[in-house]
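Here the structure is laid out as structure tokens; the discussion comes afterwards.
From a predicted model like this one, the values you see are computed outputs, not experimental measurements. Below, chains carry the letters A, B, ... as their sequence lines are ordered, and counting in each starts from 1. Worth knowing before you read on, the calculation uses all heavy atoms, side chains too, and leaves out hydrogens, waters and symmetry mates.
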Amino acid sequence: MYEEARETDPKKYIAGAAGDWELVVGLEVHAQISSKSKLFSGASAEYGGEPNDHVSIVDAAMPGMLPVINEFCVRQAVKTGLGLKAQINLRSVFDRKNYFYPDLPQGYQISQFKDPIVGPGTVLLDMKDGARVEIGIERLHMEQDAGKSIHDQHPSKTYVDLNRSGVALMEIVSLPDIRSSEEARAYVTKLRSILRYLGTCDGNMEEGSMRADVNVSVRRPGDPFGTRCEIKNVNSIRYVGQAIEYEARRQIDILEEGGSIDQETRLFDPKSGKTRAMRSKEEAHDYRYFPDPDLLPLEFTREWVDEIAAELPELPDEKRARLMSDYGLSAYDAGVLVADQASSAYFEKVATGRNAKLAVNWVMGDLSASANEKNVGLDQVGISPDQLGGLIDLIEDKTISGKIAKDVFEILLAEGGDPRTIVEDKGLKQVTDTGAIEAAVDEVIAANPDKVAEVREKPRMAGWFVGQVMKATGGKANPKAVNDILKAKLGL
Amino acid sequence: MSFDSATVQKIARLARIAISDDEAEKLQGELSAILGWVEMLNEVDVEGVAPMTSVTPMTLKKRRDEVTDGGYAEKVTANAPESDEHFFVVPKVVE
């Protein structure tokens, strides 16, 4: 029996015409296991390929063929379970899930029903407002993917390609712990990042390596769960959010008009941003599961699991904690960096052996801004960690000021090159020669007698003089030196 | 236990087999007899006995993750009632 693990922040309630509503969401994520060959056959599991080229006689379900399990896929599922801090079941069972569809040649999908390979676990979410939300994982089980139906090749025919048929999937089922579309997006993002760290799924949603079935219901705060609708096969994180927003509003409107929700399977249409009921749903859920007589129970030892556990890489949550303690990153910044392995690796290359605070400011500031502008990862902006690190070195050894550094950054972005050479070639070196700065200060003071009188009344005016001196020196004067000399000369 | 005719029709529909009312009536008797016969197993006390999954003492055979099969789309689609460019072709089933 599911016990609700959390209370919803009333700020997250959805306002209805008469009182607030609470959203309840649970997700089933289908993640393709990264492997060379399929779950039960030796055909290639690679994406794409010529029609029916990655298909063996087993995948085409020719009579008399027997499935033989891919040991590496089992290992990948166990590894994923460990990454989700979940219970690993040393004995699990494959069942047949029976239904008819042209892209399912067996007439059943080999899946795991009663005894999945992985039991309860958790995923931690770091929300923008600093909140940490724990989402329960109910189970993870292994199953076969179906083939692909193509409907636009012919006016009255459907074309079927079985290349995907039999590819190994993990279905990862969350508890109904999610309370907003924002949390649902954060959950899929975090899950994808964990899978990518583990190397058990490439998380490429455009190629269908990860897809989500989204269960949505609404209720009055404090009430028992409402009737849910399942939105099938949502294939982007953004669409997950949109589908939930639309579906919640649809259900609230029905309930507020005195209607009731039919438990049904729906589809999300990205073009209209709406969900609609699937046709022919009457028998959709009569799957008549039974243990697959072709497959013995899947069993392995605790020692084997421990071996896999010992090889686990550093995962996002651990890396986040380490970045926070080693480099003084804020919880949010650390969360953003670890979501993408390349980004956190980039940051660590820049930060290692340097002033961490400067590294954080530049990576999370200018570099992130450029990355967002170009809609690419930090490592794709066009400035290498060595270049950015070199720039930071120049700030640290006071060769250039922070302000000039921004100009050098722009040059690096536009033209590339070595920061030190750029600074030397363009004569951007900070002027620390007090004689030169004194001369500039004297000039500004001499040219502005009225301002000099003013600043003696209002010392806050000193900033204007700093600005003028910086301008006169092309921004190259050391700001601290300018300040000190100005104060002395103006008698402040 | 016995089947009513609606249950027989439902089972037939799930199996995608069209049956007439006459056939349903005949099957009603046959299926009820089969079920009754299998139900005799309930007389055996299996309290505390693990379900038998294999008649020989063996474990699940496993395969290494290597591509050893496929690459013969011609053969795969050879028996298809209709095919085109190595696709299987079926009546339109789009939702």
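- In terms of heavy-atom pairs under 4.5 angstrom with chain B, the leader among P291(A), G107(A), S56(A), P155(A) is S56(A).
- Judged purely by atom type and a 3.5 angstrom limit, K79(A) has no side-chain atom pairing as donor or acceptor with the backbone of E311(A).
- For chain B, no part of P293(A) is nearby; none of its heavy atoms comes within less than 4.5 Å.
- Of the two parts of A15(B), only the backbone, made up of N, CA, C and O, holds a non-hydrogen atom closer than 4.5 Å to a non-hydrogen atom of chain A.
- Chain B forms more heavy-atom pairs under 4.5 Å with one residue of D103(A), D59(A), V68(A) than with any other, namely V68(A).
- Contacts between S35(A) and chain B at a heavy-atom distance below 4.5 Å involve backbone atoms as well as side-chain atoms.
- The pair D161(A)-K148(A) fails the salt-bridge criterion, with no side-chain N (NZ, NE, NH1 or NH2) lying under 4.0 Å from an Asp/Glu carboxylate O.
- Here D286(A) pairs with K10(B) in a salt bridge; the nearest charged N to carboxylate O distance falls below 4.0 Å.
- Contacts between P102(A) and chain B at a heavy-atom distance below 4.5 Å involve the side chain alone, from C-beta outward.
- Ion pairing of K157(A) with E82(B) is present here, as a side-chain N (NZ or NE/NH1/NH2) and a carboxylate O approach within less than 4.0 Å.
- In this structure, no portion of L66(A) lies under 4.5 Å from any heavy atom of chain B.
- Nearest approach of D95(A) to F113(A), heavy atoms of both residues: OD2-N, 2.9 Å.
- For S44(A), the parts lying near chain B are the backbone and the side chain together; criterion is any non-hydrogen pair under 4.5 Å.
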